[in-house]
Amino acid sequence: MYTASAAMLEALQEAGVSFIFANFGSDHPALIEAIAEARALKRPIPAVVTCPNEFVAMSCAHGYAQLTGRAQAVVVHVDCGTQSLGGAVHNAAKARVPIFVFAGLTPFTQEGEARGSRNEFIHWIQDVNDQRGIVRQYMKYDNELRTARNVKQIVHRSLQLAHSDPKGPVYLVGAREVMEAESERVAIDVADWPPIAPTPLAEAAVAGLVDVIQKAARPLIVTSYLGRNPVAVTKLMRLCSRLGVGVLESVPSVVNFPHNDPLYQGNHWSHPFQNRALAEADFILVIDSDVPWIPTVSKPSEKAEIAIIDVDPLKQSTPLWYIKARRCYRADAATALAQLNAALDRIAIDEEAVARRRRHYAERHRERKAQLDRLEQASRGDIITPEYLTACVRHQVGLDAVVINEGVTSNHVICDHMARERPGTMFGIGHGSLGWSGGAAIGMKLAAPEKAIVAMSGDGCYMFSQPSTVHWMARRYRTPFLQIIFNNRGWKAPRFSALAVHPEGFASRASDLDLSFDPPPDYSGVAAAAGGAFARVIKRPDDVEAGVAEGLRVVLEERRSAVLDVWLEHL
Ligand SMILES: Cc1ncc(C[n+]2csc(CCOP(=O)(O)OP(=O)(O)O)c2C)c(N)n1
Ligand SMILES: [Mg+2]
């Protein structure tokens with residue numbers, strides 16, 4: 001039997017999708033049947049990963065795509081499963097992550113007019129006016145499969161759009177009768193469905209940018225996620241080294257530049273003070289950043305000239321957004337940087353000016369490094385500081401481990417003290433809905449089984465991540481990872497937000513802001529119960545280094561997850 005569901009599986013398989021993260025329901029008999037048939041007949045289809053929670057399913061696909069750049073499939077149940085995707089949809093959209101999402105639609109016939117017609121009470125309850133509307137503002141593309149005859153074309157078109165810049169999730173729905181319908185097989189050549197080719201800079205823009213960088217005394221590049229494409233990092237290093245340009249990361253969600261390069265000038269988040277490198281720059285090139293600075297607290301000098309290169313330089317889907325860039329270019333970062341580097345080979349470079357800029361930035365880099373070394377030295381008495389904890393993790397995990405950073409008020413600490421040097425070895429939140437780290441760890445481990453995956457998250461994020469689902473999956477699908485919980489007994493960030501606006505208000509004097517988790521759950525015990533994870537609570541500084549080493553050993557040698565619940569100062 002060759003149904004629309006079989007065609008969808010075939011299209012996903014030929015597009016190179018490896019996994020379907022699935023949460024099934026009464027809308028999926030045809031799909032379940034098609035999967036069983038393919039397996040029985042030894043027809044290759046993507047591997048199905050059972051996800052007891054949809055947010056986790058979407059986060060798995062998110063993590064997989066972050067490491068590989070390739071969309072995976074998420075299958076959910078009608079409107080209900082679509083709503084349960086929850087904030088993970090926002091995350092994929094905001095982080096521009098390609099994901100293919102399919103949800104069934106309740107049957108549209110009720111008297112047996114077609115196979116799949118209504119036969120359960122729930123089919124009336126789940127009949128809603130606009131299921132696609134639930135997620136439309138986050139999806140790059142949404143459509144309904146209306147006939148079995150063009151399912152493959154629509155799946156390939158969806159993936160083509162998901163993988164084209166600016167990338168993002170796509171959403172298809174199909175009613176039960178349509179997904180059951182039979183049709184002729186359509187032959188597709190995937191080579192006919194490529195993503196849009198990367199956009200280059202116009203030649204005049206290349207010449208103009210090279211000129212303005214050369215004339216600047218303190219040229220600075222600000223980026224947040226140029227390193228989503230590791231090739232762009234190498235090209236950025238070449239450009240910066242050749243011209244003596246500093247690099248400042250703003251809210252980095254990936255490794256954009258090696259932290260040990262003397263031109264690296266640190267990373268700025270919601271720190272409530274002016275960033276020095278930003279203030280001193282006389283030319284700033286923003287490449288791939290949604291929030292290059294926060295004008296109420298930290299911004300460039302009025303005299304600085306600003307340029308931006310981005311695949312979406314005006315951030316069309318963000319209603320309030322502007323940065324006063326006089327040069328504004330829609331281009332792919334790696335392509336644009338390659339063009340700039342090529343232009344440098346054709347012109348005379350003022351080597352003295354380059355040496356001056358390099359000296360300045362190298363000096364600032366040394367100051368910063370010395371400051372970080374001081375911060376991570378020891379704990380304060382019996383207190384484990386986030387800096388000390390992160391340094392212990394860094395000592396143990398090595399340069400190739402993939403670090404997932406969902407540390408919230410410790411985001412910048414994790415970024416600073418993990419001090420990653422290689423592209424693709426750290427991913428942070430470039431999105432706003434917490435809990436991504438758990439599912440992302442599983443997705444990344446599926447994408448790179450040979451790599452050590454280390455998730456570092458706040459205690460609040462750990463709870464948001466659905467740890468019972470995550471750790472059940474980690475055992476079931478053999479995707480062990482090391483989880484380190486920055487346990488400050490609650491949500492510190494909302495306190496920070498409240499006091500930043502009301503520094504002297506009642507909240508500043510109140511003893512309870514409804515943000516604490518006292519008494520906290522047994523976080524690592526949850527993972528042990530759900531998936532047999534190695535569980536340890538660490539409360540003393542002297543136990544951190546050995547605890548991390550043991551956790552990592554368990555993950556790598558015993559191939560089971562380890563959850564370290566590390567107690568920091570109370571929020
Ligand atoms: C889904 C979701 N709910 C709520 C928030 C608001 N929020 C932002 S940070 C935060 C606290 C996070 O707690 P934790 O992980 O413990 O980090 P900490 O603030 O303690 O560093 C909350 C609730 C959010 N961003 N996303
Ligand atoms: Mg916390």
Side-chain angles (χ1 to χ4, degrees), residues 53-59 62 82-95 97 134-135 137-138 251 253 267 269-272 290-291 294 383-390 393 403-418 427-441 454-467 469-470 483-501 507 512-524 526-527 537-539 563-571:
N53 174 286
E54 292 86 348
F55 177 92
V56 176
M58 192 80 179
S59 301
H62 188 141
T82 301
Q83 289 185 318
S84 280
L85 291 168
V89 173
H90 157 107
N91 288 346
K94 296 294 173 175
V97 170
I134 299 169
V135 289
Q137 69 166 316
Y138 297 99
V251 205
S253 51
N267 49 88
W269 300 67
S270 297
H271 298 82
D290 293 338
V291 189
I294 300 169
I383 291 171
I384 300 171
T385 64
E387 290 83 358
Y388 173 74
L389 167 57
T390 307
V393 177
V403 177
I404 298 173
N405 179 359
E406 202 172 35
V408 189
T409 55
S410 293
N411 270 333
H412 65 284
V413 175
I414 294 170
C415 189
D416 274 340
H417 295 272
M418 288 310 290
F427 295 88
I429 31 180
H431 49 256
S433 198
L434 299 177
W436 142 90
S437 53
V454 182
M456 303 169 79
S457 59
D459 48 339
C461 287
Y462 179 73
M463 289 232 258
F464 277 120
S465 76
Q466 313 289 336
T469 289
V470 164
Q483 175 123 41
I484 293 157
I485 301 172
F486 284 55
N487 184 354
N488 54 11
R489 267 81 77 219
W491 299 329
K492 190 171 179 182
R495 171 201 289 280
F496 171 89
S497 306
L499 299 192
V501 180
D512 183 6
L513 296 180
D514 312 298
L515 303 173
S516 112
F517 292 161
D518 293 317
D522 175 7
Y523 292 120
S524 53
V526 170
V537 180
I538 299 175
K539 296 188 178 177
V563 178
L564 309 180
D565 173 2
V566 185
W567 283 44
L568 310 174
E569 197 167 19
H570 198 281
L571 59 111

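Since this is a predicted model, take the numbers as computed values, not measurements. Whatever order the structure lists ligands and atoms in, that order sets their numbers, starting from 1. We number each residue from 1, following the sequence as shown.
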Atom pairs and distances, donor-acceptor, side-chain atoms in residues 564-571, under 3.5 Å, two or more places apart:
residue: D565; atom: OD1; partner: N487; partner atom: ND2; Å: 2.9
residue: D565; atom: OD1; partner: W567; partner atom: NE1; Å: 3.4
residue: E569; atom: OE1; partner: R380; partner atom: NH2; Å: 3.4
residue: H570; atom: NE2; partner: D518; partner atom: OD2; Å: 2.6

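- Listed by chain and residue number, the protein N/O/S atoms under 2.8 Å of the Mg ion (ligand 2) are D459 OD1, N488 OD1, G490 O, with waters left out.
- No side-chain donor-acceptor contact under 3.5 Å links Y523 to the backbone of Y462.
- Looking at heavy atoms from C-beta onward, R489 lies out of side-chain contact with S516 at the 4.5 angstrom threshold.
- Aromatic ring pairs are classed by plane angle as parallel below 30°, tilted from 30° to 60° and perpendicular above 60°; the pair F464 and W491 is parallel.
- No side-chain heavy atom of M456 sits under 4.5 Å from any side-chain heavy atom of N405.
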Can you give me a line-by-line list of nitrogen or oxygen pairs between ligand 1 and the protein shorter than 3.5 Å?
residue: ligand 1; atom: 15 (O); partner: G460; partner atom: N; Å: 3.3
residue: ligand 1; atom: 15 (O); partner: C461; partner atom: N; Å: 2.9
residue: ligand 1; atom: 16 (O); partner: D459; partner atom: N; Å: 3.4
residue: ligand 1; atom: 16 (O); partner: D459; partner atom: OD1; Å: 2.6
residue: ligand 1; atom: 16 (O); partner: G460; partner atom: N; Å: 2.7
residue: ligand 1; atom: 16 (O); partner: G490; partner atom: O; Å: 2.9
residue: ligand 1; atom: 19 (O); partner: K492; partner atom: N; Å: 2.9
residue: ligand 1; atom: 19 (O); partner: A493; partner atom: N; Å: 2.7
residue: ligand 1; atom: 20 (O); partner: N488; partner atom: OD1; Å: 3.1
residue: ligand 1; atom: 20 (O); partner: N488; partner atom: ND2; Å: 2.9
residue: ligand 1; atom: 20 (O); partner: G490; partner atom: O; Å: 2.9
residue: ligand 1; atom: 20 (O); partner: K492; partner atom: N; Å: 2.9
residue: ligand 1; atom: 21 (O); partner: T409; partner atom: N; Å: 3.1
residue: ligand 1; atom: 21 (O); partner: T409; partner atom: OG1; Å: 2.4
residue: ligand 1; atom: 25 (N); partner: G432; partner atom: O; Å: 2.9
residue: ligand 1; atom: 26 (N); partner: L434; partner atom: N; Å: 3.3

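- Residues L434 and I429 meet the side-chain proximity criterion, which asks for heavy atoms closer than 4.5 Å.
- Looking at heavy atoms from C-beta onward, F517 lies in side-chain contact with M463 at the 4.5 angstrom threshold.
- Taking each heavy atom of C415 and W269 in turn, the nearest pair found is CB-CZ2, 4.1 Å.
- For S524, the side chain to side chain donor-acceptor pair (under 3.5 Å) criterion is met by no residue, not counting sequence neighbours.
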